[in-house]
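Contents: one structure, followed by commentary.
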Amino acid sequence: MKDVYIMAIESSCDETSIAIVKNGIEVEALSVSTQMKTHAVFGGVVPEIASRMHTENFTFVLEDCLNKSSIGMDRIDAIAVTYKPGLLGSLLVGVEFAKTLAYVYHKPLIKVNHLIGHIYANALENELKFPLLALVVSGGHTELVIMEDDYKFKTLGATLDDAIGEAYDKVARVLNIPYPGGPGVDHLASLGKNTYQLPKPVLDESYNFSYSGLKSSIINLVHNENQRGNEINQADLACSFQTTAIDELCRKLEIALRNTGIREVIVAGGVSANKYLRSEIAKTCEKYKANLSVPKLLYCTDNAAMIGAAAYPLYLKKEFADFNLNPESQANIG
Ligand code: KG4
Ligand code: ZN
């Protein structure tokens with residue numbers, strides 16, 4: 001079969017990204033333009049600014065991606081785009097940009113779920129072996145799913161309230177760590193000890209998660225100590241939070257490993273960049289002799305290469321979108 005080159009477009013939040021991916025596994029070129037510094041001033045992503053910046057960035061990102069590649073537009077087989085979930089205005093810019101390219105260059109259009117994109121980031125490094133357990137941990141989602149085959153998902157559990165990434169970002173804010181908070185908390189936690197007694201998220205045997213109680217307890221603790229004029233050991237608090245949050249992920253993964261007998265595990269989403277998560281999940285998998293795949297750091301956070309990987313099985317099935325495609329802000333896996 002001849003090689004398939006997919007040009008993929010991602011703009012669900014504050015990264016404008018375009019990639020060319022060969023056969024769903026090889027990154028021919030990747031360009032990512034982040035708006036992080038702009039939004040850091042506001043302590044979080046400002047949706048209107050994000051969509052306006054995507055509009056300004058896309059043509060430059062396309063030029064950069066094509067410059068990095070030996071593949072020209074004539075050799076591209078399809079245009080893939082993230083259409084859900086994310087910030088509506090940001091998604092809209094990407095979807096319209098993708099439609100324009102597909103129309104002008106006469107290419108089929110493929111719509112991709114961003115969360116499934118995070119899962120397929122793993123295909124860029126290791127062959128996905130089914131059935132597998134996928135732990136999806138991002139700014140908006142915390143889900144544990146069984147993937148039985150390409151695009152065949154069975155959700156075991158999800159967060160009942162906040163996502164783990166949301167908890168990281170809010171804890172960062174109360175500790176005055178600049179946006180995006182996750183990497184800052186990760187670093188600070190590595191300097192501290194697990195000394196604070198914090199409420200455990202969900203003490204049951206279900207596959208569901210809950211992070212709002214843990215998040216609120218830290219916000220309250222910091223406010224109370226500040227009001228009393230007591231000093232907080234920021235590194236110890238970050239470490240205590242991180243240990244509690246990640247240990248719960250490992251505990252739920254362990255229940256799934258025990259109950260399902262599946263021995264292939266992948267981790268996906270921005271929080272999979274976390275150092276403690278990567279080492280603790282590896283220990284859990286080792287205990288059950290399960291194979292673990294975690295994307296390299298570049299593919300953990302938002303990027304278009306993962307969208308190209310997730311689009312490939314859809315290309316093979318000829319599951320193409322039409323020009324009525326509209327973005328959707330909410331979505332789960334599957
Ligand atoms: O997947 P992602 O880039 O965007 C969404 O699809 O939501 O994930 C972003 C989330 C943010 O909450 C960010 O703070 C978190 O991933 N994150 C981390 C780390 N790097 C990014 N959380 C913990 N430790 C990190 N090293
Ligand atoms: Zn993401």
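All values derive from a computational prediction rather than experimental measurement. Keep in mind that the numbers below use all heavy atoms, side chains included, and drop hydrogens, waters and symmetry copies. Atoms within a ligand are numbered from 1 in the order they appear, just like the ligands themselves.
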**Message:** Among all protein heavy atoms in this structure, tell me which lies nearest to atom 15 (C) of ligand 1, with the distance rounded to 0.1 Å.
**Reply:** V271 CG2, 3.9 Å
**Fill in**
Within the 4.0 Å heavy-atom cut-off, what N274 brings close to ligand 1 is both
**Asked** Nearest non-hydrogen atom to atom 7 (O) of ligand 1 belongs to which of A163, G139, A245?
**Response** G139
**Request:** Report yes or no: do V81 and V93 belong to one cluster of Ile/Leu/Val/Met/Phe/Trp/Tyr joined by side chain heavy-atom distances under 4.5 Å?
**Result:** yes
**Asked** What do you reckon, does P180 put a non-hydrogen atom under 4.0 Å from ligand 1?
**Response** no
**Message:** Does any part of the side chain of Q35, heavy atoms only, come nearer than 4.5 Å to the side chain of N57, both counted from C-beta?
**Reply:** yes
**Message:** Does the residue C13 have a heavy-atom contact with ligand 1, meaning some pair of atoms that are separated by less than 4.0 Å?
**Reply:** no
**Message:** Counting only nitrogen or oxygen atoms and a 3.5 angstrom limit, does H114 reach ligand 1?
**Reply:** yes
**Item:** atom 17 (N) of ligand 1: nearest protein contact (heavy atom, Å)
**Value:** G270 O, 3.6 Å
**Asked** Is atom NZ of K289 surrounded by more than 12 heavy atoms (other residues, nucleotides or ligands) closer than 6.0 Å?
**Response** no
**Asked** Would you call R251 and E248 a salt bridge, using N to O less than 4.0 angstrom?
**Response** yes
**Check: G182 N/O within less than 3.5 Å of ligand 1 N/O** = yes
**Asked** Is atom OH of Y105 surrounded by more than 12 heavy atoms (other residues, nucleotides or ligands) closer than 6.0 Å?
**Response** no
**Request:** Could you tell me whether a side-chain N or O of E125 sits under 3.5 Å from a main-chain N or O of K296, the two making a donor and an acceptor?
**Result:** yes
**Message:** Counting only heavy atoms from other residues, nucleotides and ligands, does the tally under 6.0 Å from NZ of K170 exceed 12?
**Reply:** yes
**Asked** How about Y120 and Y151: are their ring centres within less than 6.0 Å of each other?
**Response** yes
**Asked** Could K68 and D64 be called an ion pair, given the rule that one side-chain N must be under 4.0 Å from one carboxylate O?
**Response** yes
**Prompt:** Hey, which atoms in ligand 1 end up nearer than 4.0 Å to a heavy atom of H118?
**Reply:** 1 (O), 6 (O)
**Asked** For the ring pair F241 and Y168, is the centre-to-centre distance below 6.0 Å?
**Response** yes
**Request:** Run through the protein N/O/S atoms less than 2.8 Å from the Zn ion (ligand 2) and write them out by chain and number.
**Result:** H114 NE2, H118 NE2, D302 OD1
**Message:** Less than 4.0 angstrom from a charged side-chain N to a carboxylate O is my criterion; do K252 and D204 meet it?
**Reply:** yes
**Asked** Considering distance alone, does some N or O of D169 sit under 3.5 Å from an N or O of ligand 1?
**Response** yes
**Asked** Given D161 and S210, is the side-chain hydrogen bond (donor to acceptor under 3.5 Å, both in side chains) satisfied, shown in steps?
**Response** CA-CA 6 Å; D161 39 61; S210 167; 2.7 Å; yes
**Message:** At less than 4.0 angstrom from any non-hydrogen atom of G140, what atoms of ligand 1 do you find?
**Reply:** 7 (O)
**Message:** Closer than 4.0 Å to some heavy atom of G165 - which atoms of ligand 1 meet that?
**Reply:** 12 (O)
**Asked** Has the side chain of E28 got a donor or acceptor atom that lies under 3.5 Å from a matching backbone atom of S70?
**Response** yes
**Request:** Using a strict 4.0 Å cut-off to heavy atoms of D186, name the atoms of ligand 1 that fall inside it.
**Result:** 24 (N), 25 (C), 26 (N)
**Message:** Below the 3.5 angstrom mark, is there an N/O of D302, backbone or side chain, next to an N/O of ligand 1?
**Reply:** yes
